[in-house]
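Right, one structure below, let's go through it.
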Amino acid sequence: MNTTPAYTYDAAPQRVLHGPGRAAELGAELARLGARRALLLCSPGQRTLAERLAAPLGAGCAGVIATARVHVPVALAQAAAAQARALQADALVAVGGGSTQGLAKALALELALPVLALPTTYAGSEATAIYGLTDQGHKRTGREARVRPLGVIYDPELSRALPLATSVASALNGMAHAVEALYAPDASPITDALARQGLRLFAQGLTGLPAAPQDLALRGQLLSAAWLCGHVLDQTRMGLHHRLCHVLGGRFDLPHAELHALLLPHVVATLAPHMPGPLQALREALGQAEPAAALQALADSAGLPRSLQALGVPADALAELARQAADEARSHRLTPDMATVLALLQRAHAGLPAA
Ligand code: NAD
């Protein structure tokens, strides 16, 4: 008897190129889109890389804007949009991590331009139609099909020099998408399979990375994992973990990937007893009997911050944060009460082992 509940899987069209050296195909990919004046976007630290990728485009490059920063401040996006208009850009190329992908999405939203992504971290934003904008400490997110990049070029050469701590933090951010997809109310056998494979590739890749950070095969594996986990983020509704990161990150302007890495083990430890199916999937994907401890060990191995206190979150803010996050997560399948969320936050605040 078929016991699979009814589901809808709305596959999103996106062309993905993967492999060392494939960034050299940027010009050809832009031509496929019919673009003649591409504007390259990046964070300040990736300007040299973006200019190197822009050089072969010649007159096909309208310019490079190197102002991307985390959580896409509205004023920054407006200034970049004005520049894009002045430069008569007809396509956007996002060279960087989630901050750069976020800036490209904000411009795509405003200007209805196509986006090509060349990701350099493992956040996975390039696989989603989700955008975020921050105004005066408040982060607003939404979904619009037109902000999802039409093409992604995963060239492991571009993330070869990504520092270990940033690599692990953004990978744990990526893993959080797949973890929450496993118990999402709209999970399906399709998202399940993709989430498990994404987690498996991340776990294997991160295990090997400290000994071989320049290894292109490992970097490529992590990029494949980033797409898989980003794709299931695009396809499912996120729960408590993403709500906590949203509420905390927005309120205290915390580093996004590090916050995900810190909280994910605590969320898994808290929810695991209530989700035998997803817990088993996590055990298999990570190859570990205790997924929460395994995730925390990964974060610890890269020296990531262990406590919310170390990130500057005051203890007296925890109760209100717990109430807000529990409230916002209410429509999800697993919705712990406020006291449970507060206990989770208190452990994370003190830097205790996830339990
Ligand atoms: P990031 O893009 O800010 O990058 C982190 C740091 O790494 C930056 O200082 C950057 O300059 C540097 N960096 C990037 N690539 C590098 C490289 N190859 N070598 C050396 N340094 C490099 O951070 P992130 O964690 O990738 O993304 C975080 C942002 O992404 C947040 O704003 C988050 O909300 C967003 N996000 C959005 C989605 C979505 O679907 N919309 C999904 C995940 C994350």
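Keep in mind it's a predicted model, so treat the numbers as computed, not measured. Just so you know, these numbers use all the heavy atoms, side chains as well, and skip hydrogens, waters and symmetry mates. Order of appearance sets the numbers: ligands from 1, and atoms from 1 within every ligand.
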Where's the contact between Lys105 and ligand 1, heavy-atom distance under 4.0 Å: side chain, backbone, both or neither? side chain

Does an N or O from Gly96, backbone or side chain, lie closer than 3.5 Å to an N or O of ligand 1? no

Does a donor on one side chain and an acceptor on the other come within less than 3.5 Å for Tyr122 and Arg219? yes

Counting non-hydrogen protein atoms only, what is the nearest one to atom 24 (P) of ligand 1? Give residue, atom name and distance. Gly98 N, 3.5 Å

Ligand 1 atoms in contact with Thr166 (distance to a heavy atom under 4.0 Å): 7 (O)

Answer yes or no: is there a donor N or O on one side and an acceptor on the other, between the side chain of Ser43 and the main chain of Gly45, under 3.5 Å? no

Residues which pass side-chain hydrogen bond (donor to acceptor under 3.5 Å, both in side chains) with Asp215, listed by chain and number, not counting sequence neighbours: none

Taking 4.0 Å as the limit for heavy-atom contacts, which would you say applies to Glu126 with ligand 1: side chain only, backbone only, both, or neither? neither

Where is the nearest protein heavy atom to atom 12 (C) of ligand 1: which residue, which atom, and how far? Gln46 OE1, 3.9 Å

Under 4.0 Å, heavy atoms only, figure out whether ligand 1 is touched by the backbone of Arg69, its side chain, both or neither. neither

For residues Leu116 and Leu30, determine if any side-chain heavy atom of one lies less than 4.5 Å from a side-chain heavy atom of the other. yes

Please confirm whether His71 comes within less than 3.5 Å of ligand 1 when only nitrogen or oxygen atoms on both sides are compared. yes

Subset of ligand 1 atoms that lie under 4.0 Å from at least one heavy atom of Ala257: 25 (O)

Short list, please: which atoms of ligand 1 are under 4.0 Å from a heavy atom of Leu233? 40 (O), 42 (C)

Under 4.0 Å from a heavy atom of Val70: which atoms of ligand 1 are those, numbered in the order shown and with their elements? 31 (C), 32 (O)

Using a strict cut-off of less than 4.0 Å between a Lys/Arg side-chain nitrogen and an Asp/Glu carboxylate oxygen, indicate whether Glu110 and Arg85 qualify as a salt bridge. yes

Shortest non-hydrogen pair, Leu150 vs Pro114, comes out as CD1-CB, 3.8 Å

Looking at atom 17 (C) of ligand 1, what's its closest protein heavy atom, distance included? Leu162 CD1, 3.5 Å

For ligand 1, is any non-hydrogen atom under 4.0 Å from His256's backbone (N, CA, C, O), its side chain (CB onward), both, or neither? side chain

Given Leu158, Ile130, Val72, which one has a non-hydrogen atom that is nearest to atom 41 (N) of ligand 1? Ile130

Measure the distance from atom 38 (C) of ligand 1 to every protein heavy atom, then report the residue, atom name and distance (to 0.1 Å) of the closest one. Ser125 CB, 3.4 Å

Looking only at protein heavy atoms, which one is nearest to atom 43 (C) of ligand 1, and how far off is it? Ala123 O, 3.4 Å

List in chain and number order the residues that pass side-chain contact (heavy atoms from CB on, under 4.5 Å) with Gln214, two or more places apart in sequence or in another chain; answer none if no residue qualifies. Arg160

Just which atoms of ligand 1 are under 4.0 Å from any heavy atom in Gly97? 2 (O), 26 (O)

In one Ile/Leu/Val/Met/Phe/Trp/Tyr side-chain cluster, 4.5 Å: Leu40, Val72: no

Determine, step by step, whether His260 and His242 satisfy the ring-ring contact (aromatic ring centres under 6.0 Å, His included) criterion, reporting the C-alpha distance in whole Å, the side-chain angles of both residues, the deciding distance to 0.1 Å, and the verdict. CA-CA 8 Å; His260 271 269; His242 279 75; 5.2 Å; yes

Shortest non-hydrogen contact between Pro156 and Gly220, atoms and distance: CB-N, 3.7 Å

Ser99, portion touching ligand 1 at heavy-atom distance under 4.0 Å: both

Heavy-atom contacts under 4.0 Å between Thr121 and ligand 1: side chain, backbone, both, or neither? side chain

So is Lys139 close enough to ligand 1, meaning a heavy atom under 4.0 angstrom away? yes

Do Val70 and Val247 belong together in a cluster built from hydrophobic side chains that touch within less than 4.5 Å? no

From the options Thr128, Thr120, Asn173, Leu259, select the one whose nearest heavy atom is closest to atom 15 (N) of ligand 1. Thr120

Are Ser170 and Asn173 linked by a side-chain donor-acceptor pair shorter than 3.5 Å? no

Quick check: closest heavy atoms across Leu286 and Ala203, and the distance to 0.1 Å? CD2-CB, 3.9 Å

Are any of the protein's heavy atoms under 4.0 angstrom from atom 8 (C) of ligand 1, yes or no? no

